[in-house]
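Here's the structure, in structure tokens; my notes come after.
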Amino acid sequence: MNREEIIERLQELCDPQYRDFQQSLIPADRSLNMIGVRTPALRKLAADIYREGEYGEFLNSLPHETFEENQLHAFIISLIRDIDLCLEKTDAFLPYVDNWATCDQMKPKVFAKHKERLREKITEWLVSDHTYTVRFAVGMLMSHFLDADFRKEDFDAVTAIDSDEYYVKMMQAWYFATALAKQYDSAVRVLEENRLPVWTHNRTIQKARESFRITSEQKEYLKTLKR
């Protein structure tokens, strides 16, 4: 399916009211146009295109011109079952990701089966100069390495990120708030030792105290750590 055919399909799925709603959520300085297609419809279209196997031309047609094309691109990558191809296409696409929605909704399923390969790539992505590549890297650590595959040095990698970008700092806070739910004893020491900038530190505490996975006692103690 070529780009013209994909745009035609997207236009058929257009919902003007949803487009207006989406525009209020995505940063105003974005250069891409919005068509207004709901996420379930985009996911279904991505699945159809992937199943047909005719997505190579579309994935190579970067940069895209609409938000929905980027979303569709992320959803197709998330379905790729070959780890080498998935990593190749992820690397090629990340420099063009320009918003939190596309970044956070790209979650390749194959990564769960290739943790060491993913770790290697995360190490590269974390030192990128591109905001959403770094955000994606932290998101992958949060999704795949806070349970059985957790390593304390992951905290070192995330605290070492030096960025003033809002969407990076928010992901750092989200990561450590999730870590407090899953690896409390290790994560709380990051706060006790003041290893995060004040804004990120306090936002981590706020997000953790809003979580149902943190006990009441833990929430009260976290409150005392606010700076």
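Predicted, not measured: the structure shown is a model, and the values here were computed from it. Note that the numbering runs from 1 along the sequence shown for the chain.
- The existence of a salt bridge linking Arg151 and Glu116 is confirmed by a sub-4.0 Å separation between a basic side-chain nitrogen and an acidic carboxylate oxygen.
- More than 12 non-hydrogen atoms from other residues, nucleotides or ligands lie less than 6.0 angstrom from CD of Glu210.
- Taking the six-membered ring for Trp and thresholds of 30 and 60 degrees, His64 and Phe93 have ring planes inclined between 30 and 60 degrees apart.
- Aromatic ring pairs are classed by plane angle as parallel below 30°, tilted from 30° to 60° and perpendicular above 60°; the pair Tyr50 and Tyr55 is parallel.
- Of the charged side-chain nitrogens involved, at least one lies within less than 4.0 Å of a carboxylate oxygen, so that Asp154 and Arg119 count as a salt-bridged pair.
- No salt bridge links Glu165 with Arg135; every basic N to acidic carboxylate O contact stays at or beyond 4.0 Å.
- Between Lys44 and Asp48 there is a salt bridge, since at least one side-chain N of the basic residue sits less than 4.0 Å from a carboxylate O of the acidic one.
- Residues passing the side chain to side chain donor-acceptor pair (under 3.5 Å) test with His201, sequence neighbours excluded: Arg227.
- The structure places CZ of Phe176 at 16.0 Å from CZ of Arg203, a figure rounded to the nearest 0.5 Å.
- Residue Thr102 comes nearest to Asn70 through the heavy atom pair CG2-O, 3.7 Å, listed as atom of the first residue, atom of the second, then distance.
- Linking Ile, Leu, Val, Met, Phe, Trp and Tyr residues whenever their side-chain heavy atoms come within less than 4.5 Å leaves Val134 and Val127 in two separate clusters.
- Between Phe150 and the choices Phe145, Phe155, Tyr175, the ring pair (Phe, Tyr, Trp, His ring centres under 6.0 Å) rule is met once, by Phe155.
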